[in-house]
Amino acid sequence: APSASASSPAPPPRALGPPPLGSISPAPRAESRGPSAAACPEECSLPAHAVLGPLREALDSCRPSVSKQVCDDIGRRLTVLEDAWAQGKLSAPVRKGMSLLVQELQQQHWDAADEIHRSLMVDHVNEVSQWLVGVKRLIAETRSLPAAELPAETQDGSAKPPD
């Protein structure tokens, strides 16, 4: 619809180019050349497994305490996400959002992960509706696990109880 941009003074740029990075952009000149994929930060070209790996790990950590039916449903939705990603069906903002969501999840920043999930659902509903509800459920289930069961706790080697 041609009149869509007239209704709001400054619509956010959709998939026209890389999202603004502020001062952390290493190569400002990259934005002026080539298609947006070339100028896209590296998160956008992440392989699917870089995002799916941590999500599946989170799912595995839920299995002991979450019903098989729920886990299987989440697993099916992650497979839909993985297929869409592998087939190049996801836009750069969705891939970047999922990359950020997984980072927050790994750091146990539940609210931040939930916030990213919400903005993906609002801005890209057609792209994410089939699988994002599974990611949302995964965030909720992982969040309610006892902290000891989360893999992130053991990465710094301080998992041993103090003497």
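Sequence positions, counted from 1, serve as the residue numbers for this chain.
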Asker: If you measure from CG on Leu55 to CH2 on Trp131, what distance do you get to the nearest 0.5 Å?
Answerer: 9.0 Å
Asker: Side chain to side chain contact (heavy atoms under 4.5 Å, CB included) with Met98: which of Leu90, Leu52, Leu120?
Answerer: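 For Met98, the side chain to side chain contact (heavy atoms under 4.5 Å, CB included) check succeeds only for Leu120.
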Asker: Take atom CZ of Arg137 as the centre, draw a 6.0 Å sphere, and report whether it contains more than 12 heavy atoms from other residues, nucleotides or ligands.
Answerer: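 Open.
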Asker: If the threshold is 4.0 Å, N to carboxylate O, is there a salt bridge linking Glu82 and Arg56?
Answerer: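 Arg56 and Glu82: salt-bridged.
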Asker: What is the distance from atom NZ of Lys89 to atom CG of Leu81, rounded to the nearest 0.5 Å?
Answerer: 12.0 Å
Asker: So how far is it from Leu145 CG to Ser61 OG, rounded to the nearest 0.5 Å?
Answerer: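 It comes to 5.0 Å.
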Asker: Are Val133 and Leu105 in one and the same hydrophobic cluster, where Ile, Leu, Val, Met, Phe, Trp and Tyr link if side-chain heavy atoms are under 4.5 Å apart?
Answerer: no
Asker: Side-chain contact, heavy-atom cut-off 4.5 Å: Leu59 with Cys71?
Answerer: yes
Asker: How close do Trp110 and Ile139 get, counting heavy atoms only, and between which atoms?
Answerer: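 What the structure gives for the nearest pair is O-CG2, 4.2 Å.
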Asker: Does atom CD (Gln69) have a neighbourhood of more than 12 heavy atoms from anything else shown, all under 6.0 Å?
Answerer: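 Open.
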Asker: Say you draw a straight line from OG of Ser129 to NE2 of His124; how long is it, rounded to the nearest 0.5 Å?
Answerer: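 NE2 of His124 is found 13.0 Å from OG of Ser129.
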Asker: Do you know which two heavy atoms are closest between Val70 and Val66, and how far apart they sit?
Answerer: CG1-CG1, 3.6 Å
Asker: Looking only at heavy atoms, what is the nearest atom pair of His117 and Leu132, with distance?
Answerer: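 Taking every non-hydrogen atom into account, O-CD2, 3.4 Å.
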Asker: Supply the atom-to-atom distance Ile116 CD1 to Gln103 CD, rounded to the nearest 0.5 angstrom.
Answerer: 8.0 Å
Asker: In Å and rounded to the nearest 0.5 Å, what is the OG to CG distance from Ser67 to Asp72?
Answerer: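 Between atom OG of Ser67 and atom CG of Asp72 there are 8.5 Å.
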Asker: Ignoring hydrogens and angles, tell me if any N or O in the side chain of Arg63 forms a donor-acceptor pair with the backbone of Lys68 under 3.5 Å.
Answerer: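 Pair absent, no side-chain N/O of Arg63 close to backbone of Lys68.
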Asker: Within the distance-only criterion (no hydrogens, no angle test), does the side chain of Glu127 pair as donor or acceptor with the backbone N or O of Ser91 below 3.5 angstrom?
Answerer: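 Side chain of Glu127 to backbone of Ser91, a donor-acceptor pair under 3.5 Å: yes, one is there.
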Asker: Hey, does the side chain of Thr142 reach the backbone of Leu138 with a donor-acceptor pair shorter than 3.5 angstrom?
Answerer: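 Flag set: sc Thr142 to bb Leu138 pair under 3.5 Å.
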Asker: Any ion pair linking Arg118 and Asp111 (charged N to carboxylate O, less than 4.0 Å)?
Answerer: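 No, this pair does not count.
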Asker: Check this for me, if you would: do Arg77 and Asp73 make a salt bridge, where the nitrogen-to-carboxylate-oxygen distance has to be below 4.0 angstrom?
Answerer: yes
